[in-house]
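Just below is one structure, and these are the notes that go with it.
Note on naming: letters A, B, ... go to the chains in the order of the sequence lines (proteins, then strands), and numbering restarts at 1 for each one.
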Number of protein chains: 2
Amino acid sequence: MKTLKISEAVVRRLPVYLRHLIELKQREVLTVSSQDLGQKLDLNPAQIRKDLAYFGDFGRKGIGYDVSYLIQQIRHILKLDQIINVGLVGAGKLGHALCNYTVYLKDNMKIVAVFDAMESKIGTDINNLKVQPMSEMITTVRNQHIRIGIITVPAAEAQYVAEQFVEAGVEAILNFAPVILKVPSHVRVHTADFTTDLFSLAYYLTDQGKEVPVQ
Amino acid sequence: MKTLKISEAVVRRLPVYLRHLIELKQREVLTVSSQDLGQKLDLNPAQIRKDLAYFGDFGRKGIGYDVSYLIQQIRHILKLDQIINVGLVGAGKLGHALCNYTVYLKDNMKIVAVFDAMESKIGTDINNLKVQPMSEMITTVRNQHIRIGIITVPAAEAQYVAEQFVEAGVEAILNFAPVILKVPSHVRVHTADFTTDLFSLAYYLTDQGKEVPVQ
DNA sequence: TAGATTGTTAATCGATTAACAATC
DNA sequence: TAGATTGTTAATCGATTAACAATC
């Protein structure tokens, strides 16, 4: 077991492992090898073993990993054994969609407050939460002990919202707006911008030359 | 100019460059240096120059890059100078949110058909498109020349939908469901699963030890 | 011209994979 | 015991960054 700083690539794979392990547990699989996991998750077994070994000796030689035990360990590593309150700014369609996800709950994550700048949205009900005005954001974040902020506002407003989140004391931000946010280094930002994904996909299309617009 | 295969990391940065360049153009900035870009996008200037140099000599020594010209070039590289039709399966909240995005349009991408397996959804109107039953998917994909498929169905159904997309002849898939899809290697898949982002964010929270549930 | 900035090579850094002794 | 599979070291591979000649 090392105490080196763990690379982001490793951390990003942990939720993927966790997700699959939970599925295995539901299917009452007791034990799994890095080989099996690798096959299912399209990853190199050595990589999986190495990833896990950063955090402890979770496996048994000749046997593999105990599914329940590994779930428990990964949830602990990811801090999903604490309750983590999440706030969301941007009560549009996407924000609405995220609020309705129930996955969080099982993992002790919960969107506990929703904010929006638009008058027309305020007071609206989303998943049993009343949309609050931005003016209440900082107070609510502090009172409700919100530690992660989700941003689902248009690009132009995202930086402002991020700054409000930072001021309120949020520790991490998940940003869906297509902008690079500037925040102090103690706040972690992940960008979940699907336009980037979609546009980069286009690169891999075969060149058909068809229907080239005038431009 | 090299003809080596370009790494995915490079391709994924291209849309980020493009996005920012478009913003610069709107602000009537004529020229930009890798230095400037790097600052705005939190990237190393050398990396930006190297990325672009894979595709051609787009810059001018001592001057930088012509904004309009670079936009044009990147759009060409990403094949965004062709019309690219997109199909979406899963007319839930998330699917709905994606359909309403207008970003695509400017870049010649357009969601032209929406499908769902649920009876209650079929015939519904989403962004001026009638939701079609899955049984029509393969025909519609072929007739409308749909080249990219977006999957916004629950995890359990995602693999099936992917297979239908592949059979219909889609070249690439953007998957929002939290599963690793198995598809033939000629089909490109990007996973845009935000639960992975969110859970990996939790790792970076400070350990507070507070409120640990019984579990 | 002097200053700026590219394109590119070389150096560095980091991440993935292979291999294997340890051991269940 | 024999077969399986871990944890870990060493080898490989790839991506990022620094440095600088070329040149606008």
Do the charged groups of B:D81 and B:R75 touch, with an N to O distance under 4.0 Å? no
Distance, rounded to the nearest Å, where B:D57 contributes CG and D:dT23 contributes P: 11 Å
Centroid-centroid distance, B:F194 to B:F176, less than 6.0 Å: no
Would you indicate which nucleotide in D:dA19, D:dT16, C:dA18 comes nearest to any side-chain atom of A:A46? C:dA18
Any strand is fair game: report the nucleotide pairing with C:dG3 by Watson-Crick or G-U wobble, both distances under 3.5 Å, or none. D:dC24
To the nearest Å, give me how far apart CG (B:D51) and C1' (C:dG7) are. 13 Å
Round to the nearest Å and state the distance from A:Q47 atom CD to D:dT12 atom P. 18 Å
Hunt down the Watson-Crick or G-U wobble partner of C:dA10, both distances under 3.5 Å, from any strand shown, or write none. D:dT17
Rounded to whole Å, please give me the gap between CG in B:N44 and C1' in C:dC13. 13 Å
Closest to the A:Y65 side chain: C:dA15, D:dG7, C:dC24? D:dG7
State whether B:S34 places a side-chain N or O below 4.0 Å from either non-bridging phosphate oxygen (OP1 or OP2) of C:dT5. no
Just how far, in rounded Å, is P of C:dA15 from CZ of A:R12? 13 Å
Spacing between B:K50 atom NZ and D:dG14 atom P, to the nearest angstrom: 13 Å
Whether B:S7 contacts D:dA15 is assessed here as follows: a side-chain N or O lying under 4.0 Å from the phosphate OP1 or OP2. Is that the case? yes
State plainly whether the residues B:D42 and A:K182 are in salt-bridge range, i.e. N to O under 4.0 Å. yes
Determine, for A:E8 against A:R188, whether the closest basic-nitrogen to carboxylate-oxygen distance falls under 4.0 angstrom. yes
With nearest nucleotides of DNA chain D determined for B:R13 and A:S33 from heavy-atom distances, which residue corresponds to the more 5′ nucleotide? A:S33
If each of A:G62 and B:D36 is mapped to the nucleotide of DNA chain C with the nearest heavy atom, which maps nearer the 5' terminus, i.e. the 5' end? B:D36
Roughly, in whole Å, what's the span from CZ in A:F58 to P in C:dT23? 19 Å
Any side-chain N or O of A:R60 under 4.0 Å from OP1/OP2 of D:dT6? no
Are A:T191 and A:D193 close enough that a side-chain donor and a side-chain acceptor fall under 3.5 Å? no
Distance check needed: C:dC24 C1' versus A:K61 NZ, whole Å only. 9 Å
